[in-house]
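One is the number of the first residue; the rest follow in order along the sequence.
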Amino acid sequence: MPHVISDTLRNAGSNSVAPSATTDSAQGNEGLTPMVQSSLWAIIALVVAAILMGLGPIFVRFSDVSPDASAFWRVALAAPLLGATVFLIPAGSSKPANGNGVSARKRGDTGLMILAGLLFAADLVACHMAIEMTTVGNAILLNNLAPVIIGFLGLFGIARKPGVMFWCGVPFAVIGGYFLFRASETGAGSMRGDAFAVLAAFFYAGYLIVISRLRRNHSAVSIMFWSTLTTMIALGAMMVIKGNFVLPPHMTGWLALIGLAVLVHVLGQGMVSVGLKRVDEATGSMILLLQPFVASILGAVILGEMLNQWHIMGSTAVVVALLIATRRRRTL
């Protein structure tokens, strides 16, 4: 699940600076300006992030606990690392997007932080349930329809009103969703699991909208920590109420949960935030679409989930829809 926070992005044009004509060609990489080099590293960061997040469904399957339990341990193990990042990094490295230095303790923003955490908790539970029920490819692809859902919410004033290009992508999203559900109907997955993946996309869309409001006054790492902490408390309370506060029975389960927390939640999503500071949304979105393909390949190789023609057609249509929907930089 790539955490794309739209208003943290920079225009691609500001990053495309040509090398100096006076630089000797023998200097190699020294001929590249710092801005070009930073953009290259940002692209590499996004590629690595997409690969790491593609590991998520595999870790969920090998966690040996229920979907809500794997969601809880994911954030519980990640929270201390994020907290250390927030409190140990230099203050100047954690400024809000608009640089106005607004305190993270504003009352209105506290409510938004809690709401973001609750929406993320709902997203994680629904997504992990989808991963357990249907193919990992379907679960991740349908969950990535969040940008399309945000466009529809723009019609109600909740997000920015979508432009003409958005409507060009909607038919591909509908067709792709139908094909993926059709793939599950033929026995290669679960339609109920697909439905949970779509539900997760709705929760994730709401999460992104709230995050975009918070980014006006707070840094990405601060938001990620406080929303993760809220998610951990909410999921922990739910598990206690359900009597489902369980631990993985084997070391394999713990290793999977640690991988989910460290590699996917902290490093994967953290590298997305870093990479998107230097790469425009169109390029970033294209790179992050590696995630569902990595998940699908790993699902086939490790879990034996073979793809049929419906999966292939559905995946293609959904990718086209996402490329069109995120073609231009969008402010929520």
Side-chain angles (χ1 to χ4, degrees), residues 1-4 46-63 67 70-71 74 123-124 126-149 169 172-201 204 256 259-260 263-265 267-269 271-272 275 283-326:
M1 294 177 294
H3 280 229
V4 182
L46 289 175
V47 171
V48 174
I51 294 173
L52 289 176
M53 291 190 295
L55 295 171
I58 307 301
F59 288 141
V60 171
R61 289 283 187 90
F62 281 94
S63 64
S70 63
R74 167 179 176 161
D123 165 53
L124 282 184
C127 185
H128 284 206
M129 291 186 71
I131 290 171
E132 292 285 356
M133 293 180 181
T134 190
T135 61
V136 295
N138 274 27
I140 299 303
L141 275 168
L142 291 172
N143 184 228
N144 272 270
L145 286 175
V148 178
I149 294 171
F172 289 98
V174 174
I175 294 172
Y178 168 77
F179 284 158
L180 291 177
F181 271 83
R182 186 77 177 84
S184 294
E185 187 181 19
T186 60
S190 164
M191 294 183 69
R192 187 183 179 193
D194 293 344
F196 271 110
V198 174
L199 179 63
Y204 189 54
L260 191 62
L263 296 180
V264 179
H265 196 84
L267 292 180
Q269 296 178 11
M271 293 180 78
V272 169
T283 303
S285 298
M286 290 175 63
I287 295 172
L288 291 174
L289 284 175
L290 285 172
Q291 181 198 358
F293 286 104
V294 170
S296 297
I297 292 172
L298 292 177
V301 174
I302 299 176
L303 304 176
E305 296 180 350
M306 302 308 297
L307 305 180
N308 57 32
Q309 71 274 17
W310 295 107
H311 284 118
I312 296 173
M313 292 188 295
S315 300
T316 302
V318 168
V319 168
V320 171
L322 292 173
L323 289 176
I324 294 175
T326 58

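Annotation: the span from Leu142 atom CG to Phe181 atom CZ amounts to 6.0 Å, rounded to 0.5 Å. Distance check, rounded to the nearest 0.5 Å: CZ of Arg192 to CE of Met133 gives 4.0 Å. Remark: Leu145 CG to Leu180 CG distance equals 8.0 Å, nearest 0.5 Å. Between the NE2 atom of His128 and the CG atom of Leu260 there is a distance of 5.0 Å, given to the nearest 0.5 Å. In this structure, CG on Leu52 lies 8.5 Å from CZ on Phe59, to the nearest 0.5 angstrom. One distance of note links OG1 of Thr316 with CD1 of Ile312; it measures 7.5 Å at 0.5 Å rounding.
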- request: Evaluate the criterion side-chain contact (heavy atoms from CB on, under 4.5 Å) for residue pair Gln291 and Asn144; output intermediate values, then yes/no.
  value: CA-CA 10 Å; Gln291 181 198 358; Asn144 272 270; 4.0 Å; yes

query: Step by step, would you call Leu322 with Val319 a side-chain contact (heavy atoms from CB on, under 4.5 Å)?
result: CA-CA 5 Å; Leu322 292 173; Val319 168; 5.7 Å; no

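Taking all atoms of both residues into account, the shortest heavy-atom contact from Ala295 to Pro57 is CB-CG, 4.1 Å. Residue Ala130 comes nearest to Ala197 through the heavy atom pair CB-N, 3.6 Å, listed as atom of the first residue, atom of the second, then distance. Taking each heavy atom of Ala200 and Cys127 in turn, the nearest pair found is CB-N, 3.6 Å. The minimum heavy-atom distance linking Arg61 with Val136 is given by the pair NH2-CG1, 4.0 Å. Of all heavy-atom pairs between Gly299 and Ile58, the closest is N-CD1, 4.1 Å.
Inter-residue side-chain proximity for Asn138 and Ser184 is flagged as met; some heavy-atom pair is nearer than 4.5 Å. You'll find the side chain of Met129 stays beyond 4.5 Å of the side chain of Leu199, heavy atoms only. Side-chain contact between Leu141 and His311 is absent, with no heavy-atom pair separated by less than 4.5 Å. Looking at Asn143 and Asp123, their side chains come closer than 4.5 Å, going by heavy atoms from C-beta outward. Side-chain contact between Met53 and Val272 is present, with heavy atoms from C-beta onward closer than 4.5 Å. Using a 4.5 Å heavy-atom cutoff, the side chains of Leu303 and Phe62 are in contact. Two residues are said to be in side-chain contact when any heavy atoms from C-beta on lie closer than 4.5 Å; Leu290 and Val47 meet this criterion.
Proximity of a side-chain donor or acceptor of Ser70 to a complementary backbone N or O of Pro67 within less than 3.5 Å is detected. Using a distance-only test at 3.5 Å, with no hydrogens or angles considered, a donor-acceptor pair links the side chain of Thr134 to the main chain of Ser190.
Taking the six-membered ring where the residue is Trp, Trp310 and Phe179 present tilted rings, their angle falling between 30° and 60°.
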